[in-house]
Structure formats: C-alpha cells, structure tokens
S.K.: 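Structure provided below as structure tokens; questions to follow.
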Amino acid sequence: MTDNPFPYSRSNKRYYTWDYFLREKFGGKVSKVSLDGGFSCPNIDGTCGKGGCTYCSYAFRRQTPGTLLAQFEAGKNLLHKKWPDTVGYIPYLQANTNTYAPLEELKAKYEILLRQEKVLGLAIATRADALPEEVCDYLAEINRRTFLMVELGLQSASDKTAKRINRGHDWKTFLEGYQKLFERGIPVCIHIINGLPGEVREDMLTTIQEVAALKPACVKIHLLHILKGTPMAEEFAQKLEDFQMMDRQEYVNIVCDQLELLPPETVIQRVTGDGLREELIAPLWSIKKLVVMNEIDKELVRRDSWQGKRQFANIF
C-alpha cells in the first residue's frame, strides 16, 4: 500500500507479520500446526520447580511418535479446510517444554514430523533452562537442512515478576539459553506476556527494550489470560491491589508502544491471543481477537507510527 510507510507489508499492517514473512520465504500461505509432543517441564517435575508457571494450564500427556503424527494429520486437515491454498505446513511443538527429554526421544519425534509431505520446517517451544549443549548441536544440524524456529518463553525481564509467577528461572538464565542458540545461528522467537501481576507500563516497556536489544528473529506478544484451574486464577480471585487486568484500550496502547521500540526486521508472530472460551475467566474482551488486532492497526495509523519508529527512543 502506497500510504503505508512500513517496508515489510503488503497490507494495512504497520508491523512485520508472520504471514508476510512466510509468504515471502515460501511463496504462499503456510500454516502452523500446533501439537502436544507429550513432554514434561523442568518447572513441573521438580527440576527447577513444581506446579509450573502460575498462569499455565497445560496438562502433561505422554505421546508417542505415532500419536504425534496422528495429531499432525488431524490439524493439517482442519487447516486445509480453512486455507485450501496452503503451500506447506510447519509442525509446532507447543505444549510444555519440547527440548526436555533424552536426545533420542527428541530425534524420534522431530524427524517423523520433518518427513511428512508438505512439511517446510519445524517450530519448537521450550525454555531457556532446557537447552543442553547436545540438544543445541542437534537443533543447529536441523537448522542447516530445513527451516527451524525455536520459541523461548521469557514473559518478563523482571526477576521480581519471574519469582511471583513461579517462572523457575531468572533473566540471566534466559540470556544464557538465548546465547546458546544465537551463537549457533538458530532463529529464536521470544514470548512476552503483558499484564502480569504486579507489573505496570514501565515494566512492560523495559521487557520489550531488553528483548529488542537481543534482535531476535521473532517476537510473540501475549495478553495475560486468567484460566480456570490455574494458581493465577486463585491469586486473581483475591482481588489484590497490584493485580488488575488491563482494559482493551490500555492493552492496545502498550502493544503499539512496544511495536515502536522493536527492530523493524523482527517478525511479530502474535500481538494478542484468545484463551479457550470455556476456560477463560478474564479479560472477557480478549475473546474478540480480531477486534483487538484491528484496534492496534487503527492506533498505529492514529499515531502515524509503525514498528521500529521509536527503536532508540528514551522511553522514561
């Protein structure tokens, strides 16, 4: 669009979308298929903590390579009905910590997915404290032969927040894990969550500045969801003074602030999310994800702004 000043866009989006990146790389629509690989988590089994992060609702379900493949086929078929022009698929090992297993188990599960028809690569969600050297070397080998994206949950750069949400590691540990991948040339997508308990605007902007300085391949910006059955739901029910949910406009504003501070070359895989309706306690406005995304687009236009416009600005 001639009236859009952002260079990495062919639409009204003033940030570098995942869809745009994939279409440019692979020549058409690419669908990401979310999977549960049956892995546990060091923050669940007692290695670094128990109970998991307080917002987490994932259950640990043991999966074999065969059942993993059945998941992938079902997900692929569902996405094909929605986007019949899809040129290929990226299996996304999403649930829990998908590098937290013996190397041979990882190889069995990763490789069976990579061998499937029309698979263009692999996305792996994990934690910075679950990246032993031999696993990183194997990931580097995958990255040399196909497309790979390792997704690292950070959520917040604040150690105070990490402790409150029972994250199980601190900022220093995150940097050490990120460096292992970075030095091997492995693309990383960093996840952050806006609206965590105890955090204010300055905390969220500090997190995005720390992330921006790392110049990751991708970023996912999540909205905190309070889900039934989680420790955070219990904390939310206490109505603590420093734990208030953002309203929609507050969230839109902070996301636009964050986009302005990120390098324009960093792909934005997500700017919000929608929890399962039957599990969601708050915020209920998040159910209308497309409305939130449209409001972000409109706010960037209102500001005459775009991703990276204030990349080196002093925000405080």
S.K.: Side chain to side chain contact (heavy atoms under 4.5 Å, CB included), that's the test. Do Lys220 and Glu151 meet it? Break it down for me.
M.R.: CA-CA 9 Å; Lys220 278 186 179 178; Glu151 305 203 10; 3.0 Å; yes
S.K.: Check the pair His222 / Asn194 against side chain to side chain contact (heavy atoms under 4.5 Å, CB included), numbers first and verdict last.
M.R.: CA-CA 6 Å; His222 296 271; Asn194 287 328; over 6 Å; no
S.K.: Val267 versus Pro216: any side-chain heavy-atom pair under 4.5 Å?
M.R.: no
S.K.: Inspect the contact between Arg144 and Glu141 and indicate whether a charged nitrogen and a carboxylate oxygen are less than 4.0 angstrom apart.
M.R.: no
S.K.: Step by step, work out the side chain to side chain contact (heavy atoms under 4.5 Å, CB included) result for Leu300 and Trp306.
M.R.: CA-CA 6 Å; Leu300 288 173; Trp306 52 86; 5.9 Å; no
S.K.: Which heavy atom of Leu262 sits nearest to which heavy atom of Val211, and what is that distance?
M.R.: CD2-CG1, 4.4 Å
S.K.: Using the side-chain hydrogen bond (donor to acceptor under 3.5 Å, both in side chains) definition, which of the options Glu199, Arg167, Gln155 pairs with Thr161?
M.R.: Glu199
S.K.: If hydrophobic residues (ILVMFWY) are linked whenever their side-chain heavy atoms come closer than 4.5 Å, directly or via other members, who joins Leu284 in its cluster?
M.R.: Leu227, Leu280, Ile287
S.K.: Using atom types as modelled and distance alone, determine if a side-chain donor or acceptor of Asn96 lies under 3.5 Å from a backbone N or O of Phe39.
M.R.: yes
S.K.: Checking side-chain contact (heavy atoms from CB on, under 4.5 Å) between Cys136 and each of Leu131, Val150, Thr99, which is the one that passes?
M.R.: Leu131
S.K.: Between Lys172 and Asp159, does at least one N-O distance fall below 4.0 Å, as a salt bridge requires?
M.R.: no
S.K.: What is the minimum heavy-atom distance between Pro5 and Asp3, and which atoms define it?
M.R.: CD-O, 3.5 Å
S.K.: Can we say Lys180 and Asp137 salt-bridge, meaning some charged N sits less than 4.0 Å from an Asp/Glu carboxylate O?
M.R.: no
S.K.: Applying the 4.5 Å side-chain criterion to the ILVMFWY set and letting contacts propagate, would Phe236 and Trp285 be lumped into a single cluster?
M.R.: no
S.K.: Would a single hydrophobic cluster contain both Val200 and Ile221, if residues Ile, Leu, Val, Met, Phe, Trp and Tyr are joined by side-chain heavy-atom contacts under 4.5 Å?
M.R.: no
S.K.: Could you tell me whether the side chain of Arg270 and the main chain of Thr272 form a donor-acceptor pair under 3.5 Å?
M.R.: yes
S.K.: Within 45° of the axis and under 6.0 Å from the centre of the six-membered ring of Tyr92, does NZ or CZ of Lys32 qualify?
M.R.: yes
S.K.: Would you call Ile124 and Leu148 a side-chain contact if the rule is heavy atoms closer than 4.5 Å?
M.R.: yes
S.K.: Do you know the tightest heavy-atom contact between Leu224 and Gly195?
M.R.: CD2-O, 3.1 Å
S.K.: Distance from Leu154 atom CG to Cys189 atom SG, nearest 0.5 Å?
M.R.: 11.5 Å
S.K.: Show me the donor-acceptor pairs, under 3.5 Å and distance only, between side chains in residues 248-256 and residues at least two apart or in other chains.
M.R.:
from   : atom 1 : to     : atom 2 : distance (Å)
Gln249 : NE2    : Asn253 : OD1    : 3.0
Glu250 : OE1    : Asp247 : N      : 2.9
Tyr251 : OH     : Val271 : O      : 2.7
Asn253 : ND2    : Gln249 : O      : 3.3

S.K.: Mind listing the closest non-hydrogen atom pair of Pro263 and Gln307 along with its distance?
M.R.: O-NE2, 2.6 Å
S.K.: Test Tyr16 against Ser9 for side chain to side chain contact (heavy atoms under 4.5 Å, CB included), laying out the working first.
M.R.: CA-CA 7 Å; Tyr16 195 169; Ser9 177; over 6 Å; no
S.K.: So, for Met149 and Val188, which heavy atoms are closest and what is the spacing to 0.1 Å?
M.R.: SD-C, 3.8 Å
S.K.: So, are Glu260 and Arg303 salt-bridged, with charged N and O less than 4.0 Å apart?
M.R.: yes
S.K.: Could you tell me whether a side-chain N or O of Asn77 sits under 3.5 Å from a main-chain N or O of Glu73, the two making a donor and an acceptor?
M.R.: yes
S.K.: Mind checking whether Tyr89 and Leu120 have side chains closer than 4.5 Å, heavy atoms only?
M.R.: no
S.K.: Distance alone, cut at 3.5 Å: any donor-acceptor contact between the side chains of Asp170 and Thr173?
M.R.: yes
S.K.: Do Tyr178 and Ile268 sit in one hydrophobic cluster, given that two such residues count as connected whenever their side-chain heavy atoms are within less than 4.5 Å of each other, even indirectly?
M.R.: yes
S.K.: With a cut-off of 6.0 Å (strictly less than), are more than 12 heavy atoms of other residues, nucleotides or ligands near CZ of Arg277?
M.R.: no
S.K.: Does the Lys NZ or Arg CZ of Lys309 fall within the cation-pi geometry relative to Phe6 - under 6.0 Å from the ring centre and within 45° of the axis?
M.R.: no
S.K.: Apply side-chain hydrogen bond (donor to acceptor under 3.5 Å, both in side chains) to the pair Tyr100 and Asp45, showing each step before the final yes or no.
M.R.: CA-CA 11 Å; Tyr100 190 56; Asp45 70 6; 2.6 Å; yes
S.K.: Is a side-chain donor or acceptor of Asn98 paired with a backbone partner of Ala95 at a separation under 3.5 angstrom?
M.R.: yes
S.K.: Output yes when a side-chain donor or acceptor of Thr146 lies under 3.5 Å from a complementary backbone atom of Ile142, and no otherwise.
M.R.: no
S.K.: Tell me if a side-chain donor or acceptor on Glu234 pairs with a main-chain N or O of Thr230 at a distance below 3.5 Å.
M.R.: no
